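Being a predicted model, the structure only gives us computed values, none of them experimental. In the text below, chain A, chain B and the rest are named by the order of the sequence lines, each starting its count at 1.
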2 protein chains.
Amino acid sequence: MAANESYMEKKVISIGTVCELTGLSERRIRYYEERKLIFPDRSKSGIRKYSFLDVEKLVDIANKREEGIQTSEIRKEFIKEKKYDEKTLREKVIRGQINAYFNKRS
Amino acid sequence: MAANESYMEKKVISIGTVCELTGLSERRIRYYEERKLIFPDRSKSGIRKYSFLDVEKLVDIANKREEGIQTSEIRKEFIKEKKYDEKTLREKVIRGQINAYFNKRS
DNA sequence: CGTGTAAGGAATTCTGACACG
DNA sequence: CGTGTAAGGAATTCTGACACG
């Protein structure tokens, strides 16, 4: 029981761990927040907490930046493609699980 | 892509957040580690990192403690029931996802 | 625009110990 | 046995700023 929640969207990871997971610097991660690309929660004392979904989003952002895309453009893309949109994601994750379960290759 | 990993078992949560998630004190959480009930990872500098699975396990431990069961007994139960055994869990999580997807009620 | 860095403070975590029982 | 607490130190995170470009 209680074995199934949206761990992917639960904001529990602090910035240092996010750096390790993504390879990005704290500075860059905070900057992308300033540019409205990611929205971490805050603990009572003000410490940023990220979700695994945020981590994936950051990797995606970093890749786009490598391609020279500006943060303002990246934001527009996310909105237009509805990428990282909560409902869209949930669907995607569940489908992934099902595929993995049946050993399907998409 | 890269949208599907074992977030449930990835050790990225620090003890303060685990306290909030479980309602347990740091002392108790560390003690259960001493009693070989949970096995957090450590960051380079020695800070404990827990997974969501560890969090669930801790809640389970706390419930058993409320029933008066000793930590040594809890450990035996976990081993005997193969509860929180990696393979067993993975199966369970995936089935849960599938049930949720099809709106089944078990 | 995007990111690095040094600065100082506040909050977090760690260990070992004493306490009670 | 299981858990609380005070203690001191080490590591983390935060913000605002200066830098380069």
Can any side-chain N or O of A:Thr22 pair as donor or acceptor with the backbone N or O of A:Val18 at less than 3.5 Å? yes
Heavy-atom check, side chain of A:Ile29 versus side chain of A:Cys19, under 4.5 Å: yes
Does A:Glu77 pair with A:Lys83 as a salt bridge, N-O distance under 4.0 Å? no
Rounded to the nearest angstrom, tell me the gap between atom CZ in B:Arg30 and atom C1' in C:dT13. 6 Å
Under 3.5 Å for both distances, Watson-Crick or G-U wobble, that's the pair rule; now give the dot-bracket for DNA chain D, with | marking pairs to another strand and [ ] for crossing ones. .||||.||.|.|.||.||||.
Decide, yes or no, whether a salt bridge links A:Glu26 with A:Arg30 under the criterion of side-chain N to carboxylate O below 4.0 Å. yes
Atom CZ of A:Arg75 with >12 non-hydrogen neighbours under 6.0 angstrom: yes
Tell me the interatomic distance from A:Gln70, atom CD, to C:dT3, atom P, rounded to whole angstroms. 11 Å
Would you name the heavy atoms of B:Phe52 and A:Phe52 that are closest together and state the gap between them? CE1-CE1, 3.7 Å
Return no unless some side-chain N or O of A:Tyr31 is found under 4.0 Å from OP1 or OP2 of C:dG2. yes
Are a donor atom and an acceptor atom from the side chains of A:Tyr50 and A:Asp41 found within less than 3.5 Å of each other? no
Whole-Å distance between C:dG4 C1' and A:Glu26 CD? 12 Å
A:Arg27 CZ to D:dT15 P: how many Å, rounded? 12 Å
Any Lys/Arg nitrogen of B:Lys64 or B:Glu73 sitting under 4.0 Å from an Asp/Glu carboxylate oxygen of the other? no
What's the closest nucleotide to the A:Arg28 side chain, out of C:dT3, D:dT3, C:dT13? C:dT3
Quick one: label B:Ser25 by what it contacts on the DNA or RNA (base, sugar-phosphate, nothing), any heavy atom closer than 4.0 Å. sugar-phosphate
Measure the shortest side-chain to side-chain distance between A:Val12 and A:Tyr7 over non-hydrogen atoms and say whether it is less than 4.5 angstrom. no
At under 4.0 Å between heavy atoms, what does A:Arg65 touch on the DNA or RNA strands: base, sugar-phosphate, or nothing? sugar-phosphate
I'd like to know if the side chain of B:Arg28 pairs up with that of B:Tyr32 as donor and acceptor (distance under 3.5 Å, no hydrogens or angles considered). yes
Could you state the CD1-P distance from A:Ile61 to C:dT3, rounded to the nearest angstrom? 10 Å
Which ones in residues 11-20 of chain A lie close to DNA chain D, meaning a heavy atom under 4.0 Å from one of its atoms? A:Ser14, A:Ile15, A:Gly16
Do A:Arg95 side-chain atoms and A:Asn99 backbone N/O form a donor-acceptor pair below 3.5 Å? no
Please list, by residue number, the residues of residues 32-52 of chain A whose heavy atoms come closer than 4.0 Å to an atom of DNA chain D; answer none if no residue qualifies. A:Arg42, A:Gly46, A:Ile47, A:Arg48
